[in-house]
Protein chains: 2
Amino acid sequence: MKLSVKSDYAARAVLWLSQHYQEGGARTVEEMASTQGIPPNYLVQILIELKSAQIVKSQRGKAGGYLLARPPAKISFGDVLRCVHGETFDSPGLSDAQCPAELRHAWRQLRDAVNTTANAVTFQQLVEAGADKAKMYDI
Amino acid sequence: MKLSVKSDYAARAVLWLSQHYQEGGARTVEEMASTQGIPPNYLVQILIELKSAQIVKSQRGKAGGYLLARPPAKISFGDVLRCVHGETFDSPGLSDAQCPAELRHAWRQLRDAVNTTANAVTFQQLVEAGADKAKMYDI
DNA sequence: TCGCTTTTAACGGAAAGTTTCACGCGCAAG
DNA sequence: CTTGCGCGTGAAACTTTCCGTTAAAAGCGA
């Protein structure tokens with residue numbers, strides 16, 4: 001089960017915004033795209049989806065750009081995945097009546113496993129993990 | 001993250017072969033396809049992949065067909081998923097150097113969660129779960 | 001040899017994913 | 001109030017994967 005780059009791009013964007021959340025100002029798409037290695041025009045589309053999911057918000061005009069809609073501690077990995085793809089995990093078997101009941105049960109187990117772990121990871125945690133690692137190199 | 005019908009078809013096929021494992025004989029593709037609601041010509045391709053992964057084996061000629069290569073207790077859900085798709089879980093971020101280390105860690109957590117739960121489910125368990133449920137209706 | 005089955009390769013339409021382009025809109029500073 | 005900067009939006013072009021079909025080759029048993 002291979003998922004597309006879109007979710008990776010989205011996660012990078014949210015992580016980067018999380019790392020700059022303290023500073024408060026809005027960040028431009030261009031800066032985000034160049035530092036994260038994402039095609040700028042594609043990133044725009046992703047950010048719009050993230051915005052309609054209330055994960056980020058935007059400011060227009062001069063000094064405009066994007067920033068998180070809420071603190072990184074309140075944004076989970078699952079939130080971002082659900083925004084980009086429909087669900088964190090989905091199989092045709094889950095909605096096909098032809099699929100045997102015992103098999104659907106297995107699919108549900110997988111879905112639940114992904115959901116719980118994805119919901120447990122917040123971007124606050126990721127930022128702290130990155131900061132800790134950076135601190136190690138400071139010694 | 002939506003996965004294709006292919007894995008569902010493959011799981012149904014293996015489950016069905018598991019349910020007939022005791023009887024010993026080989027089952028034809030045609031029978032499998034019609035009872036499980038799978039396009040026969042597509043099922044052929046899937047079975048060949050399952051065969052090359054040593055999950056099923058085949059017999060040619062009259063009274064030919066497919067049967068499991070080993071007991072259902074030794075076949076996990078993860079085995080079938082890995083056969084059909086490359087891995088049970090894969091994100092571009094896992095292999096892209098551009099992806100921040102802390103993010104890759106999150107991807108790994110998800111991958112590991114899927115792997116462990118998918119490996120924990122055997123087709124023996126699924127068959128028993130189905131049999132138990134059938135027994136309930138016998139009363 | 002003949003009929004039954006798997007095996008293999010190739011084909012093609014449909015859908016999704018990825019990227020780029022062009023132009024309209026809103027805010028704020030000058 | 002105009003102008004410049006950056007977001008907003010839709011659509012086009014392109015690539016890749018998915019899904020299923022077709023047809024011919026080859027093995028096995030009677």
Side-chain angles (χ1 to χ4, degrees), chain A residues 1-13 17 25-53 55-69 81 83-87 90-93 96 98, chain B residues 1-13 17 25-34 36-69 81 83-87 90-93 96 98:
Chain A
M1 159 184 26
K2 189 173 190 299
L3 46 91
S4 61
V5 287
K6 196 175 183 180
S7 48
D8 189 39
Y9 288 166
R12 283 192 217 178
L17 288 176
R27 303 275 154 173
T28 170
V29 172
E30 202 54 47
E31 189 185 0
M32 211 183 311
S34 61
T35 63
Q36 298 298 311
I38 305 175
N41 297 315
Y42 193 29
L43 181 55
V44 168
Q45 301 178 34
I46 296 172
L47 284 169
I48 289 177
E49 290 186 53
L50 287 169
K51 182 188 172 187
S52 70
I55 295 175
V56 305
K57 56 186 178 183
S58 65
Q59 280 176 12
R60 293 218 218 193
K62 190 135 186 172
Y66 283 91
L67 60 167
L68 291 187
L81 286 185
C83 168
V84 171
H85 311 117
E87 297 244 352
D90 193 24
S91 164
D96 185 355
Q98 293 247 45
Chain B
M1 156 185 26
K2 189 172 191 300
L3 46 92
S4 63
V5 288
K6 196 174 182 181
S7 48
D8 189 39
Y9 288 167
R12 283 192 216 178
L17 288 176
R27 303 275 154 172
T28 170
V29 172
E30 201 55 47
E31 188 185 1
M32 211 183 312
S34 60
Q36 298 299 311
I38 305 175
N41 298 316
Y42 192 29
L43 181 55
V44 166
Q45 298 179 35
I46 297 171
L47 284 168
I48 289 178
E49 288 186 56
L50 286 169
K51 182 190 173 188
S52 70
Q54 317 272 353
I55 295 175
V56 304
K57 56 185 177 183
S58 65
Q59 281 175 11
R60 294 217 220 193
K62 191 134 186 171
Y66 283 90
L67 60 166
L68 291 187
L81 287 184
C83 168
V84 172
H85 311 117
E87 296 244 352
D90 192 24
S91 164
D96 185 357
Q98 293 246 44

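All values below were derived from every heavy atom in this structure, side-chain atoms included, with hydrogens, water molecules and symmetry-related copies excluded. To find a chain, count down the sequence lines: A is the first, B the second, and so on, and within it residues start at 1.
The stretch residues 28-36 of chain A has no heavy atom under 4.0 angstrom from DNA chain C at all. Using a 4.0 Å cut-off on heavy atoms, the residues of residues 2-13 of chain B that approach DNA chain D are B/Ser4, B/Val5, B/Lys6, B/Tyr9, listed by number.
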Indicate for each nucleotide in nucleotides 22-30 of chain D, in 5' to 3' sequence, whether protein heavy atoms under 4.0 Å reach the base (B), only the sugar-phosphate (S), or nothing (-).
B---BBB--
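Whole-Å rounding puts the B/His85 NE2 to D/dC19 C1' distance at 12 Å. Between B/Glu49 atom CD and D/dT17 atom C1' there is a gap of 13 Å when expressed in whole angstrom units.
Listed by chain and residue number, A/Lys6 satisfy the salt bridge (Lys or Arg N to Asp or Glu O under 4.0 Å) test with A/Glu49 (two or more places apart in sequence, or in another chain). Residues forming a side-chain hydrogen bond (donor to acceptor under 3.5 Å, both in side chains) with B/Asp96 (at least two apart in sequence, or on another chain): A/Arg12.
With DNA chain C read from its 5' end, the first of the two nearest nucleotides for B/Tyr66 and A/Pro39 is the one closest to B/Tyr66.
First and last contacting nucleotides of DNA chain C toward chain B (any atom under 4.0 angstrom from a heavy atom, 5' to 3' order): C/dC4 to C/dA10.
OP1 or OP2 of D/dG8 lies within a sub-4.0 Å distance of a side-chain N or O belonging to A/Ser58.
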Sequence neighbours excluded and cut-off under 3.5 Å, please list the side-chain donor-acceptor pairs for residues 53-65 of chain B, or say none.
unit_1	atom_1	unit_2	atom_2	d
B/Ser58	OG	B/Lys51	NZ	3.4

What donor-acceptor contacts under 3.5 angstrom involve side-chain atoms of residues 31-48 of chain A, with partners at least two apart or in another chain?
unit_1	atom_1	unit_2	atom_2	d
A/Ser34	OG	A/Glu30	O	3.2
A/Ser34	OG	A/Glu31	O	3.1
A/Thr35	OG1	A/Glu31	O	3.1
A/Thr35	OG1	A/Met32	O	3.2

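The strand DNA chain C forms stems, runs of 3 or more Watson-Crick or G-U wobble pairs with distances below 3.5 Å, at C:1-30 with D:1-30.
Annotation: salt bridge (Lys or Arg N to Asp or Glu O under 4.0 Å) contacts involving residues 32-46 of chain A, sequence neighbours excluded, are absent.
Nearest heavy atom pair, residue B/Leu67 against residue B/Gly25, reads CB-O, 4.2 Å. Contact detail for B/Pro92 and A/Leu3: the closest heavy-atom pair is CD-O, 3.0 Å. Summarising the geometry of A/Tyr66 relative to A/Val29, their closest heavy-atom pair is CE1-CG2, 3.5 Å, with the distance given to 0.1 Å. Scanning both residues, A/Ser7 and A/Leu81, for their nearest heavy atoms gives CB-CD2, 3.8 Å.
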